[in-house]
Every structure is written in structure tokens, then in C-alpha cells.
Amino acid sequence: EGHIQTLRLDCVEYVKLLNKYAEKKSALGTLYLTATHLIYVEQTNNARTETWVLHHHIVSVEKLPLTASGCPLLIRCKTFQLLHLLFQRERDCQDVYQSLLRLSQPVKEEELYAFLYNPHQNEEDRRQGWEFISVANDFSRMGLSNDYWEISHLNKNYEICSTYPSILGLPKNASVAVVTGSAKFRSRGRLPVLSYYHKDTKAAICRCSQPLSGLTSRCVEDEQMLQAISQANPNCPFIYVVDTRPKLNAMANRAAGKGYENEDNYSNIRFQFQGIENIHVMRNSLQKLLEVCSMKSSMSDYLTGLENSGWLRHIKSVMDAGMFLAKAVCEERASVLVHCSDGWDRTAQVCSLACILLDPYYRTIKGLMVLIEKEWISFGHKFSHRCGHLDTDPKEVSPVFTQFLECVWQLSEQFPCVFEFNEHYLIEIHNQVYACQYGNFIGNCQKERLDMRLHEKTFSLWPHLLKNQHLYRNPLYRRSLESTVLRPSTLPLHFKFWCGMYNHYDRGMHPKQSVLDQLLSLTQKQEEGERTMTELQRLAVADGVLPDPSGPINTPTEQDSPSEKTPTAPFVQSNGSCLPLVNGDAEEAGPGAEKCIDKEGAEPGATEHDLTSSEDKPVSVETEHSKEEVQESS
Amino acid sequence: MEFAELIKTPRVDGVVLHRPFMPTVEGTLCLTGHHLILSSRQDNTEELWLLHANIDSIEKRFVGSLGTIIVKCKDLRVIQLDIPGMEECLNIASSIEALSTLDSVSLMYPFFYRPLFEVIEDGWQLFVPEEAFKDLESMVLFYPWNETTLFGLPKEDEEDNIALWSAESAFTVDEAVMMRAAQPLTGTNGRRCKEDEKLINATLCAGKRGYIIDTRTIAVAQQAKTRGGGFEQEANYPQWRRIHKAIERSNVLQDSLIKLVEACNDQSHSMDRWLSKLEASNWQSKVKEILTTACLAAQCIDREGASVLVHGTEGTDSTLQVTSLAQIILDPACRTIRGFEVLIEREWLQAGHPFQQRCAQSAYSNGKPRSEAPVFLLFLDCVWQILRQFPCSFQFNENLLIMFFEHAYASQFGTFLGNCVAERVKLQLSQKTVSLWSWVNRPQELERFLNPLYEPNNLVIWPSVAPQSLLLWEGVFLRWNRSTKCLDEACQEMVHIIEYNKELQNKVNSLRRQLAQLETEDSPLQTP
């Protein structure tokens with residue numbers, strides 16, 4: 001095992017992993033640092049608990065003031081996990097602190113996990129894995145090329161726009177001169193191109209960056225470009241131009257030679273601001289939200305904190321903008337051109353959300369992969385910067401993609417039957433984006449990824465997710481409902497705090513019995529039952545008990561995905577490449593995710609509800625507290 | 001009094017009914033003594049039958065000769081009636097106002113209602129108190145509705161309201177009891193009462209401990225002394241430890257409900273305004289406080305094997321919330337439909353929660369609240385929170401809780417009339433009205449309330465009371481402000497999956513049996 005030597009294994013004994021609510025209960029354990037993970041192992045009687053944290057998931061490490069019980073170290077993760085370690089010796093704490101600082105902040109791309117990770121696939125599998133999700137195929141699915149739109153290779157060398165994909169959807173009647181001219185008049189050359197084509201209405205969603213209009217500038221080619229987009233839709237005489245920024249921000253940009261479209265210069269456009277705040281506001285908002293989440297607060301403080309964080313307000317603003325697009329397309333049959341400043345954050349959020357509202361395909365497990373690949377990865381959402389994969393400018397970090405996932409979750413709460421996937425899927429994607437275990441989310445645009453030769457050096461996430469899709473299915477998904485355009489309510493009271501994401505690791509806060517897990521295990525039982533039934537019927541016919549080979553009994557819902565037929569293990573191990581920790585058989589769990597061998601974590605899809613936990617570690621966070629109150633009051 | 005005197009205009013044609021998320025209906029509006037009825041007189045169109053008792057308040061508006069009445073109901077629904085003709089509109093409005101605010105209990109609908117179904121099981125005979133306490137072996141039975149004298153309790157003590165409840169033997173704790181009471185009347189000069197001390201101390205065996213949970217803060221409890229109330233001095237109750245919690249008095253609750261419902265109905269505000277109004281209503285805080293206190297009581301019993309005595313001031317509001325929730329946490333029987341009915345009967349109706357006073361008005365009432373307070377609704381909300389966290393541990397679903405809420409405020413049944421058992425006896429409810437239980441427990445009705453995910457679970461269920469874990473009860477507060485189409489579909493789909501699965505397993509088993517049978521029949525032939 002060649003690479004094992006490259007791993008420096010640090011091991012510290014007598015460490016406590018503090019339970020947020022009950023310090024007394026924590027046992028002593030051992031902390032290991034591998035090249036990729038921090039692993040905490042606690043052995044009590046017969047139970048062995050392992051907590052795995054990927055170094056890439058660590059966002060900050062903080063030494064807290066010494067206490068009587070030891071030296072505390074607080075580790076915050078991008079997955080919103082909080083680890084509170086307690087060391088007996090100050091030196092151990094300092095050593096681990098130093099090591100983690102280094103390990104959690106790689107400087108060069110090559111240090112990222114994906115370049116080291118090998119899921120034991122051959123080159124052919126790897127190639128196929130990367131080709132599994134294709135933006136070009138999605139264009140064909142939408143019906144491109146057609147009379148109005150074509151797939152263009154003008155950007156094949158990334159010369160027109162370095163942060164765009166190599167293939168672009170463009171209106172047929174836009175000449176090369178118009179395309180290149182328009183690109184020059186847009187921030188970073190991000191010209192208006194097709195994001196989504198709605199076959200039924202022939203309306204299109206297009207995206208771009210802000211025009212370099214300043215206070216007075218105009219560009220004939222850009223005006224012609226918008227004209228061409230408008231003409232590509234025979235059903236509506238105008239197009240909406242949606243600037244997703246607050247008006248004030250857009251106006252400020254004019255002074256810097258950028259800005260927004262002047263309605264007088266463009267024919268037949270209807271201009272609209274949407275008021276989504278910028279990445280800095282979003283970063284601070286999440287920061288505040290997480291403070292609220294981690295505090296043990298009163299209801300009043302919690303609600304006030306939630307309000308002050310502004311987080312749900314921002315989620316609503318993204319949802320509102322997405323709704324505006326979807327309505328324009330399906331009700332007014334109007335095409336929409338969307339931009340923000342650079343057109344890679346808010347624009348990506350709004351376009352992809354509109355796609356989900358309009359097109360049921362994107363509500364499937366595979367469809368969401370395609371959508372993320374198309375609107376986010378290929379259109380140059382700067383994952384490396386926004387997720388802070390490397391130790392770079394912290395001001396570039398922002399939870400833009402997280403917000404998109406949350407919008408999808410909010411939709412799934414309002415429409416429980418229209419998504420093929422469940423909450424676990426969204427959370428897994430979120431974890432993977434930050435894990436850098438697969439190459440998909442490394443780099444800031446297609447060109448960068450090509451230069452890094454990611455397709456040769458790393459693996460794609462999507463086949464891995466597909467392999468585990470039984471974990472991510474929504475048992476309530478009904479294909480019959482799929483064709484409808486979603487019209488969610490965006491009243492403030494219909495937005496909820498996403499406890500499953502931001503307090504994911506505070507298991508005590510979650511429902512102790514999960515309807516989803518219960519239904520997932522039922523679907524699994526159903527598949528087994530159907531298999532047994534077929535087998536028994538075969539036997540019965542052979543024995544003459546049944547007269548007629550009538551085949552398996554009718555299934556109520558036609559769940560026809562072939563992968564469902566494979567028997568499902570509750571938790572699928574993803575790889576064996578990382579060094580075996582103990583016994584030689586401890587495989588690594590879902591990338592970056594914690595792997596617990598305790599009874600709670602080991603069987604997420606298990607049939608038994610989690611009642612054992614309510615038996616021996618009761619609580620309710622706060623009732624534990626009230627118990628202390630009982631003692632205090634005595 | 002004749003209802004006809006109050007009905008100025010018994011019917012108006014051409015009235016248009018507007019309800020959120022439903023198509024408008026045009027038809028004839030009729031007023032009867034107890035109902036407001038709107039019928040389109042067309043087949044397949046739903047009619048509106050609204051109990052006057054369900055009407056919380058009305059508003060009138062006029063545009064030209066078209067009058068509009070906004071009817072706001074105690075179940076939180078708001079409907080609009082467009083009535084042609086100003087006079088008709090005014091007449092209708094004043095009739096509704098008069099009919100919905102009748103003072104006399106004996107004029108209420110339950111006294112006039114005749115069931116259209118056959119009463120198989122008379123709900124009035126269903127819950128005999130001795131039954132409820134039958135698990136208590138060595139305890140003396142107290143009949144809560146009997147007069148104080150039967151207890152041998154001193155007259156100056158307000159503890160006329162003691163009930164005992166035993167932790168079932170299923171629990172691994174030693175026999176611990178939960179009791180409820182009103183505050184002791186210690187007053188400012190610290191009066192003592194030997195009998196009370198004896199009674200309270202007698203419930204504990206030697207060496208056992210008990211906890212007195214006073215639902216009021218120490219400051220409030222101190223204040224109560226000036227009005228002759230107070231709390232137990234520890235010196236006089238040596239085996240007991242007193243804990244104060246901060247559940248506010250019920251009169252504050254009404255205001256909280258009004259604010260919450262106002263926030264839920266205002267569609268115009270921004271996210272910030274919504275959250276700040278939700279916070280300002282304080283409703284969610286109350287949910288948290290009560291659940292926390294109930295967990296504490298349950299913990300004393302389950303973890304420490306200690307007995308618990310819960311009281312606030314009167315022992316008829318917050319006390320009941322705490323004791324009944326603690327039982328839901330501890331006792332799996334309370335999580336069945338029958339068990340939950342028993343709980344409501346014993347811990348609410350027989351314990352003397354003044355339903356008629358508390359539920360006289362709801363969130364839309366304009367009048368100054370007298371004794372109105374959504375104590376029972378808040379309890380149901382807390383049950384819903386536990387149900388949401390343990391969706392497989394309850395035999396019933398949310399619909400049952402919503403139904404109880406509706407019937408507590410307006411009903412054709414007599415169950416929630418009156419303020420205590422004594423009043424109910426005086427009103428002869430069991431002879432003159434139909435019991436809610438007679439209706440609910442019919443198999444046709446029960447079906448609606450069954451939780452398809454239910455799997456009996458004998459464990460204690462500890463809910464989380466972290467703010468993140470306690471949600472707004474949309475089923476009640478957003479009930480009329482959202483379309484439930486998608487949620488209903490999800491429910492159906494869930495039932496479908498579960499039933500299909502059962503059916504499949506049955507088929508597999510029966511086929512298996514058939515094959516096994518065949519094999520045993522065949523086997524003698526096969527063996528040589």
C-alpha cells in the first residue's frame with residue numbers, strides 16, 4: 001500500500017468528545033489524525049463509537065480557555081457539525097490544533113482529497129463516470145437544436161468567455177459578430193446564452209452577466225443579441241430582463257462602468273429588479289444563523305435570532321425570483337434574460353430554481369445532477385472560491401449553493417410527492433460539495449477543470465450517488481404528478497427553518513422516529529416481498545397449487561428503476577482506499593460523513609425506530625437540563 | 001325564549017360565499033336557531049352548515065347596496081358572505097350576533113341535537129372514574145367531584161381538587177404517583193394545615209422523596225400569599241422538594257392566541273415582520289415552557305422514582321396541561337385513541353377545567369376577555385409536538401387533536417359544556433345531550449383519526465424541547481391559509497404504501513402456508 005507511508009498518523013489518547021448537553025456522560029476516547037480525516041474513537045463496554053470528520057470539512061479550529069477539566073478545542077465544520085474536544089494535556093491540544101490548522105487548509109489543488117482518492121475503478125469506469133451526466137444531452141432533451149435555437153461551439157477554446165462552458169445554446173439568428181460583440185459588452189465576457197428552453201411555450205430562460213453600460217454606454221451587438229433572443233420566441237413580443245440584485249447595488253455598479261440595461265436602448269424588454277443580496281450579505285447571514293443554531297436559547301431568543309440573521313428572508317428572495325421566472329415562462333410565455341453582477345451566483349440560483357419549478361425532470365435524482373452540472377458547474381459557479389476549498393480569500397466564501405439546496409428543500413416541504421429524492425440526497429450533495437472527495441466541485445469553471453485534468457486524476461461523484469440512490473429516494477414520489485408546474489406559496493409563514501441541515505448533527509433535536517426512514521424500510525420490504533412472491537408463485541405453479549402462471553402481483557406504483565431491484569444494505573461503504581483504521585476492515589463511510597458504529601448512526605435506514613436511544617439517553621436536550629434544575633433546587 | 005324572535009330575516013337568496021382555496025358558491029342563506037346554512041340548491045355542491053356557537057365575531061361592510069359580512073369562526077376559519085340588500089345584510093348580521101352570543105347554556109345546540117346515527121356505545125357511561133384508577137392498588141380512591149368534606153380536608157384548604165394517578169407497573173420505577181392540586185392557602189402569615197401535611201406526606205413511604213412542581217415562578221407564588229394563597233413550606237413537608245416553573249397564568253394566553261392568529265392571517269408582511277410577530281405572540285414560548293415542565297414531572301417519576309405533586313393557583317389550567325402531558329410521555333396507553341379519551345375525560349373534564357368559560361371566545365373575539373383562555377388548545381398543540389417527534393408511537397393522528405379543538409369551542413355534543421362535573425350533573429347533560437364519545441368511537445368516524453404508522457411502543461417518549469424542535473402547528477394555525485391538496489396526496493400515498501405492504505405480506509404468508517401444507521402432505525409419499 002504505497003500511499004500509507006505518506007500518511008502521518010497522529011494519535012492522542014484520553015480525549016473527550018463533549019456532548020453539547022451532558023458533559024458528564026462523555027467517556028474517554030482516542031483521537032487519530034490521518035492524512036484525510038480526524039477520527040475519534042470511543043470504546044465503552046462493547047460499544048465502539050467512531051466519529052469521522054474529513055479535514056476538508058473543517059472550517060475553523062479554536063482553542064478555548066483552559067478549564068478545570070482540561071483543554072477544550074472547538075472544531076466547526078462546513079457541514080455544520082460542531083466538535084467539542086477536551087484534552088487532558090495542554091500540549092496535546094496544541095499539537096492537534098496546529099496539525100488541524102495545516103490539514104484543514106490546503107494551499108494547492110493537488111492536496112485536495114480527490115487527487116488521492118481511488119474508489120477502485122478502472123480507467124474505463126472513470127471515463128464513463130465522467131460522461132454519465134452530460135449537458136449536451138440535456139440540450140437535446142429540451143429539443144435543441146430547433147428552428148430557433150442551436151448548440152454553438154464558438155466557445156470551444158474558451159476564447160469568447162473563459163468561465164463559460166465550451167458549448168453554448170444561442171439563438172439561431174444571432175450572428176458571430178453579434179455574439180462576440182455582446183460578449184465584449186458584458187462583465188467577464190459572460191454573454192447572454194440559453195439556460196433552459198421550455199418546449200411547450202417556446203419561451204427560454206437565458207443568463208448572462210451585467211452589461212458594461214456605465215452611465216451612458218451602449219452596444220449595438222448586445223442590443224441585437226437581446227433582440228435575437230426575443231425573436232427566438234414566436235409566442236411573446238417582449239422579453240423580461242431580470243436583474244436579480246437590489247436596485248441600489250445595480251446603480252452603484254453603473255459608476256464603475258457596469259450596471260444594468262437601459263430600457264430606452266433595448267427594444268421590447270421589460271426590466272425588473274429582484275433584490276437578492278450579494279455574497280457578503282449571505283455569508284454574514286449564515287454566520288448569524290449558525291450562531292442561533294448552536295446556542296441553547298429560549299424560544300424568544302431563537303425566533304429573534306432567526307429573524308435577525310435574515311437567512312429566511314434571503315431564501316424567500318431567491319424563491320420569489322425563481323417564481324417570477326417560472327411564471328413569466330409558463331403563464332406569459334415570455335422569455336427571460338437573467339443576470340446579477342458576474343452571473344455566476346444569484347443567476348445560477350434563480351435559473352436552476354426556475355428549472356425545477358418548470359420541469360419535472362429536474363425533480364428526479366438524475367435530473368438534479370444534470371441541473372447542478374448545467375447551471376452551476378458548467379456555467380462557472382466558483383465552487384473552489386465559494387466553498388473555500390483552498391486557503392484563499394475568505395471574502396470569496398459564500399453559501400450560495402447551500403441556499404439553492406435549501407430552496408429545493410423548502411419546495412419539497414410544500415410538495416411532498418413531486419420530488420424523486422428525499423432530504424438525505426440534498427444533504428449528501430451538500431456534504432460532497434465541500435468534501436472534495438470527487439472532482440466535480442473542484443475549480444471555478446470548466447476551463448480551470450480542464451487545465452487541472454480533473455477527469456484523468458479524479459473521479460465523478462454522480463455514479464457514486466446513483467449507486468446509493470435507494471438511500472435517497474422519496475417513497476411518496478408520484479410520477480403521475482410530475483407534469484405540473486410547481487406554484488409554491490412564498491408567503492413568509494410557509495418557509496421553515498431547515499433543522500435537518502443546520503442542526504443535522506444535533507440528533508436530539510430531530511424527530512425520534514422518522515416517517516421517511518419508516519417508509520424507506522417499507523419500500524425495501526415491499527421489494528423483498530415482491531421477489532419472494534414471484535419465487536413462491538413459481539413454486540406454487542410447479543406444485544400445482546396455483547393454476548396459472550400469472551406473474552407477480554400487480555405493484556401499486558410502477559417503480560421501475562432497475563437499481564431498485566438490488567437488495568439494499570442500509571449504509572453503503574464507498575471505498576476502501578483510505579487506510580484501514582482498525583481490524584483492517586473499517587471501511588470509510590460516506591465521504592466526509594461521520595461514520596458512527598453506535599446504534600444511532602449505523603443504521604440510518606433501519607426499520608426499528610430510534611427508540612433505544614430514547615430509552616438510555618433520554619433526552620430531550622433540555623429536559624436533561626431541567627433535571628439539573630431539579631438537583632439545583634434541592 | 002324563542003329563537004324566532006332573534007331571527008330577523010330567516011332567508012336571503014343570491015348570497016355569495018367566499019372561502020379561501022375554495023370556489024365561491026352562490027345560493028340561499030338560511031338562519032335557524034343554531035345554524036347558518038348556505039345552500040346552492042344544486043347537486044354535488046357542498047353546502048355550508050355553520051354552528052352559530054362557532055362564530056367568534058362578525059364584521060359588516062357595504063359597497064352600495066351590496067353588503068358583506070365577514071364571519072370569523074372559533075376554529076379560526078374566516079369566510080365572507082356577500083348579501084344583496086342593505087337591510088337584509090343588517091338583519092342577518094344582527095341575528096347572527098344575537099344567536100352566537102346566547103348566554104344560557106340550556107339554549108345551546110347540544111340540547112336540541114338529535115343524532116342521525118345509532119348510538120351503540122353511550123359515551124356518557126364510558127369512562128367511570130373507578131376504572132381509570134383501577135391500577136392503583138394500595139391507594140385510597142378520591143372522587144374529585146365530591147365535596148371537600150368527603151376528603152376530611154380542612155375547609156381553608158383549596159385542595160378540593162386532588163386526583164391521583166399512578167405510574168403503571170409497566171414502568172420499572174417503584175410505585176410513584178403523580179398528583180395535582182390547587183395552591184395551599186398559606187397566606188402571608190404562613191398558616192399551616194396539619195391535615196394537608198398529613199395527606200401530602202402520607203403519599204410517600206418512609207425514605208422516599210417527592211417533588212412539588214409549582215407551575216408559577218417563586219415571585220408569582222410569593223405574591224399569591226397576599227391573596228391568601230401560597231406554596232408549601234419545605235419545613236412542613238420534609239420529604240418534598242419544591243420546584244418553581246414559569247408557566248404564565250391563563251389570562252395571558254388569550255392575548256397570545258389573538259396575536260398569533262393575527263400574524264398567521266396577515267398575508268402582507270415580510271419575512272422579518274412575520275418572524276417578529278410570531279415571536280411577539282409568545283405562543284411558541286408557551287409551548288416550550290409547558291412541555292419542559294411536563295418533561296420535568298415525567299423525569300421525576302421515571303428517573304428518580306419520586307412522586308410528584310403539581311399545582312399552580314387553581315389547579316385547573318396549567319396544572320392539567322402538565323399532568324396530562326407527563327402521562328402522554330410516560331404512559332403508552334395515553335397514546336391510543338381510547339387512552340387519550342380517558343385522559344381528556346379524567347385530567348380535563350373531571351378535573352374541572354372550566355371549558356365553558358375558557359372556550360367562550362376564541363382568537364377573533366373583540367370583547368375584553370373575561371375568563372377566556374386557550375388552555376386546552378395549547379395542550380393539544382403540545383400533544384401535536386410530541387406526535388410530530390414520535391410519528392409512529394400514537395394510535396391517532398393530527399385530525400383527532402384538531403377535532404377536539406373544534407368541539408371544545410363549538411359542538412353538537414354536550415361533552416364540553418359546563419365548567420366542572422357538578423355543573424354538568426346539574427345540567428343533566430348525560431340525559432339531555434349526546435356525548436362526543438358516542439360519536440367519535442364509531443368505527444366509521446375512528447377511521448379518520450387512525451395513524452397508519454402506529455406501532456405500539458411501550459417506552460417512555462422524551463420529546464425535544466429545543467426551539468428548533470418545536471414548530472408552528474400548521475394544521476390549526478395555517479389550516480385555512482394554505483392549500484392542503486399536496487399534503488393530502490402525501491397522506492394518501494403513505495396509507496397506500498402501508499396497506500399495499502400489509503396486503504403483500506399477507507399474500508406471501510398465505511402462499512407460503514399453502515406450499516408448506518403441500519409439502520407435509522407430500523412428504524410421506526417421498527419417504528421410502
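Source: prediction; values computed, not measured. First the proteins, then the strands, lettered A, B, ... as listed; each starts at 1.
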* Asked: Going by heavy atoms in the side chains, are B:M494 and A:V515 under 4.5 Å from each other?
  ->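 In short, these two side chains touch, coming nearer than 4.5 Å.
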
* Asked: Heavy-atom distance under 4.5 Å between the side chains of A:H314 and B:M271, does that happen here?
  ->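 No, too far: nothing below the 4.5 Å cut-off.
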
List the atom of [X], the atom of [Y], and the distance in Å for their closest heavy-atom pair.
| X | Y | value |
| --- | --- | --- |
| A:C499 | B:Q468 | SG-CB, 4.0 Å |
| A:E413 | B:L487 | O-CD2, 4.1 Å |
| B:A490 | A:C417 | CA-SG, 3.4 Å |
| A:S297 | B:P467 | O-CG, 3.3 Å |
| B:I497 | A:P475 | CD1-O, 3.2 Å |

Against chain A, label [X] side chain, backbone, both or neither, depending on which of its atoms sit under 4.5 Å from a heavy atom there.
| X | result |
| --- | --- |
| B:L478 | side chain |
| B:E474 | side chain |
| B:N282 | neither |
| B:R273 | neither |
| B:T293 | neither |
| B:Q284 | both |
| B:L472 | neither |
| B:A263 | backbone |

* **B:E248: side chain to side chain contact (heavy atoms under 4.5 Å, CB included) partners, not counting sequence neighbours** => B:V252, B:K286

Quick check for you: to the nearest 0.5 Å, what is the distance between [X] atom [atom1] and [Y] atom [atom2]?
| X | Y | atom1 | atom2 | result |
| --- | --- | --- | --- | --- |
| B:C486 | A:L476 | SG | CG | 12.0 Å |
| A:Q414 | B:S483 | CD | OG | 9.5 Å |
| A:T532 | B:L504 | OG1 | CG | 8.0 Å |
| A:E307 | B:S276 | CD | OG | 4.5 Å |
| A:L522 | B:Q505 | CG | CD | 9.0 Å |
| A:T304 | B:L278 | OG1 | CG | 10.0 Å |

* Would you call A:R478 and B:E493 a salt bridge, using N to O less than 4.0 angstrom? ->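 So A:R478 pairs with B:E493 through a salt bridge.
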
* Determine, stepwise, if the pair A:L493 / B:R482 fulfils side chain to side chain contact (heavy atoms under 4.5 Å, CB included). => CA-CA 10 Å; A:L493 43 82; B:R482 59 172 184 176; over 6 Å; no

* Go through the atoms of A:S298 and report whether side chain, backbone, both or neither lie under 4.5 Å from a heavy atom of chain B. => backbone

* Identify which part of A:L536 has an atom lying under 4.5 Å from any heavy atom of chain B, answering side chain, backbone, both or neither. => both

* Ignoring hydrogens and angles, tell me if any N or O in the side chain of A:Q526 forms a donor-acceptor pair with the backbone of B:N501 under 3.5 Å. =>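 Here the side-chain-to-backbone pair does not exist.
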
* **Main-chain N/O of A:M299 paired with B:S285 side-chain donor or acceptor, under 3.5 Å** => no

* If you measure only the distance, is there a donor-acceptor pair under 3.5 Å linking the side chains of A:Q513 and B:Q389? -> no

* Asked: After noting the C-alpha distance and the side-chain angles of A:K512 and B:I461, does the key distance pass the side chain to side chain contact (heavy atoms under 4.5 Å, CB included) rule?
  -> CA-CA 9 Å; A:K512 305 297 184 300; B:I461 53 174; over 6 Å; no

* Identify which of B:L275, B:I213, B:I498 forms the greatest number of heavy-atom pairs closer than 4.5 Å to chain A. =>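 So the answer, after comparing B:L275, B:I213, B:I498, is B:L275.
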
